[in-house]
Amino acid sequence: MTTILASDFWSSIMPNVVENKDVFIQSTWETIYMTLVSGLVAGILGMLIGVVLVVTAPGGILENKPTYWILDKLVNIFRSIPFIILLAVIAPFTRLVVGTSIGTTAALVPLTIGCAPFYARQVQNALVDVDRGIIEAAQAVGASPLQIIFRVYLREALPDLIRTSVVTIISLIGLTAMAGAIGGGGLGNTAISIGYNRFENDITIMAMIIILAIVFVVQVLGDLWARRTDHR
Amino acid sequence: MAEATSPIIELKDIDVTFKEADRTVKAVKDVNLQVNKGDIYGIVGYSGAGKSTLVRVINQLQRQSKGTVTVSGQNLGNLSGKNLRQARTKIGMIFQHFNLMNERTIGDNVLFPLLLGSKLTRKEKQAKVDELLDLVGLADKKNDYPAQLSGGQKQRVAIARALANDPEILISDEATSALDPKTTGAILELLKHLNETLGLTVVLITHEMQAVKAICNKVAVMQSGEIIERGDLLTIFSNPTEQLTKEFIETSSQIDSALANVVEQATVQNLGAGEQLVVLSYAGDSTEAPLIAQLYEKFHVTPNILFGNVEILQNTPVGTLGLVLSGVGDAVETALAYVAQQGVHVRRINVAEYRAELARKAAANNEEATV
Ligand SMILES: Nc1ncnc2c1ncn2[C@@H]1O[C@H](COP(=O)(O)OP(=O)(O)O)[C@@H](O)[C@H]1O
Ligand SMILES: [Mg+2]
């Protein structure tokens with residue numbers, strides 16, 4: 001009895017959402033899938049680039065001017081390209097990598113490339129904040145560069161890395177919505193191709209609500225985790 | 001016992017030059033330094049003198065531009081990579097700002113050096129950490145984080161960490177400069193204790209002569225990248241030759257402020273004939289002679305004690321006494337000659353000249369401050 005009433009209620013305020021329930025479930029999963037996979041790959045790439053930037057920078061533990069200079073410029077260039085243009089520009093490359101330039105899997109390539117430089121800068125900023133004296137103390141007890149990277153830099157910067165990862169994931173969720181607009185699937189695609197194009201406003205609003213909910217969960221969990229690891 | 005006096009650190013003709021875009025800085029110039037096993041070697045100098053750069057050459061955190069560094073018979077300039085890191089484990093270092101890892105517990109900070117290649121088992125490492133924390137008196141803080149500790153406690157943790165690999169040498173770069181006087185004293189005591197119990201050789205960088213006085217047996221004075229004076233503590237203190245050395249010694253004692261006070265007193269400004277203001281200083285045995293009593297007994301000279309101070313340098317008492325002596329005729333001069341014969345250093349103060357000198361210095365300081 002109550003379930004019928006409840007569904008009546010939802011049908012009356014969000015008729016199209018109820019009708020397209022399966023589409024929503026599917027596109028939510030697509031958004032999560034795109035975020036997780038591209039986040040993972042971009043995370044690894046960005047972490048690597050960020051670490052290399054810090055250790056090769058002038059005064060770094062493995063100072064190397066050419067490497068630093070090239071990486072620094074590359075990161076700047078890729079960060080400056082608006083994502084929507086990046087999507088179009090790298091379509092041929094995407095086709096080369098995953099065999100197609102449309103669909104959820106195809107969206108992974110531009111998402112990764114759009115996100116990695118952003119994350120690299122965030123990682124760089126977090127690691128640069130580790131006190132130079134702490135690094136020196138580690139060198140003084142005989143730590144190797146790799147040991148300093150893993151046991152000092154990444155360890156000391158962990159709370160900041162968690163916070164910047166949250167920021168990155170949230171902006172990545174934003175990018176997945178944009179990727180959806182050009183056929184990548186996900187909630188962005190649903191909001192635009194169904195909600196916006198067919199004037200079914202409740203669909204657009206529902207897509208927004210789900211995205212906000214995902215963002216909220218990521219934010220809260222990230223904050224909790226960061227706070228738990230931070231002892232400064 | 002040849003071992004006891006062989007140099008454990010030997011710096012030969014060390015230059016360190018920093019090349020920057022617009023200028024080159026010669027931070028260390030032609031320094032030669034020998035530190036023997038068991039020494040607590042103080043290096044004093046004002047900020048920018050090149051002290052940190054010089055000691056960072058000892059563990060090669062800073063490569064020298066010229067010269068050789070030999071530690072425990074090994075030429076460190078030839079080492080790199082793994083061999084250099086291995087050599088560094090035998091040279092502990094502590095810093096002004098402690099440099100503890102904020103996200104690791106006290107125990108894990110001390111454990112850190114043991115994670116880098118030590119062959120001990122997990123259990124042995126933990127036992128070692130406990131032992132080190134015990135040694136620095138922080139056994140109960142093992143699970144705390146650095147943020148929960150006071151400055152002095154943090155430095156103790158840093159000392160424990162520096163000792164984790166059983167180094168033979170400990171370099172202390174301004175380790176007490178961020179601490180209050182009482183805590184400074186306690187940390188210096190700890191270093192002295194480690195020197196005595198573990199035979200640890202200590203190189204103590206500081207800009208405070210007070211710290212050198214407290215524990216060092218040798219001292220070198222640095223200025224503009226050079227060592228301008230060096231020697232064992234008592235010699236340098238009783239017989240400084242360089243102006244800067246004298247300055248450092250003065251700032252570390254209260255004598256000059258006491259004198260400045262005394263010469264402002266009306267009775268001292270109006271000394272009559274046969275009266276003389278003197279500062280007597282003496283080290284070791286002469287402290288025990290009943291000198292003051294003899295002044296009257298032998299020469300009928302009346303001593304009026306204005307101030308006095310006794311310090312212990314390397315287990316030797318070093319005393320200073322400010323007196324106005326009065327006697328008939330040249331009784332005072334005769335008495336002072338006798339006192340000097342007893343190995344006491346006599347400094348006659350001409351009150352008018354001394355005051356003029358003070359006024360000149362104050363004026364110079366004011367000028368400096370307003371420039
Ligand atoms: N890495 C560096 N690059 C350029 N100049 C430096 C560097 N390290 C120290 N210096 C310069 O060398 C001089 C000595 O510095 P330092 O050894 O830190 O002196 P101290 O420890 O006695 O205060 C200073 O003029 C300082 O500016
Ligand atoms: Mg310094």
Original post:
Which residues satisfy the side chain to side chain contact (heavy atoms under 4.5 Å, CB included) test with L74(A), sequence neighbours excluded?
Top reply: I70(A), F78(A)
Original post:
Should we count NZ of K192(B) as having more than 12 external heavy atoms under 6.0 Å?
Top reply: yes
**OP:** Could you list the residues that satisfy side chain to side chain contact (heavy atoms under 4.5 Å, CB included) with A138(A), not counting sequence neighbours?
**Re:** A143(A), I148(A), V152(A), F112(B)
Subject >> Summary of ring pair (Phe, Tyr, Trp, His ring centres under 6.0 Å) pairs that have at least one residue in residues 43-71 of chain B, sequence neighbours excluded >> reply: Y46(B)-F248(B)
**OP:** Heavy-atom distances under 4.5 Å only: say whether I91(B) touches chain A with side chain, backbone, both or neither.
**Re:** backbone
**OP:** Check whether M93(B) gets within reach of chain A through its side chain, its backbone, both or neither, counting any heavy atom under 4.5 Å.
**Re:** side chain
**OP:** Could you go through the side-chain contact (heavy atoms from CB on, under 4.5 Å) check for I134(A) and L100(B) one step at a time?
**Re:** CA-CA 6 Å; I134(A) 294 178; L100(B) 298 178; over 6 Å; no
Original post:
Taking atom CD1 of I102(A) as the centre, does the number of heavy atoms from other residues, nucleotides or ligands within less than 6.0 Å exceed 12?
Top reply: no
Anything under 3.5 Å between chain B and chain A that's a donor-acceptor pair? List each one with its distance, please.
unit_1: R56(B); atom_1: NH1; unit_2: E136(A); atom_2: OE1; d: 2.4
unit_1: R56(B); atom_1: NH1; unit_2: E136(A); atom_2: OE2; d: 2.8
unit_1: N99(B); atom_1: ND2; unit_2: G133(A); atom_2: O; d: 3.0
unit_1: N102(B); atom_1: N; unit_2: E156(A); atom_2: OE1; d: 2.9
unit_1: N102(B); atom_1: N; unit_2: E156(A); atom_2: OE2; d: 3.2
unit_1: E103(B); atom_1: N; unit_2: E156(A); atom_2: OE2; d: 3.0
unit_1: E103(B); atom_1: O; unit_2: R155(A); atom_2: NH2; d: 3.4
unit_1: E103(B); atom_1: OE1; unit_2: H231(A); atom_2: N; d: 2.8
unit_1: E103(B); atom_1: OE2; unit_2: R232(A); atom_2: NE; d: 3.3
unit_1: R104(B); atom_1: NH2; unit_2: R151(A); atom_2: O; d: 2.6
unit_1: L116(B); atom_1: O; unit_2: Q147(A); atom_2: NE2; d: 3.0
unit_1: Y145(B); atom_1: OH; unit_2: H231(A); atom_2: NE2; d: 3.1

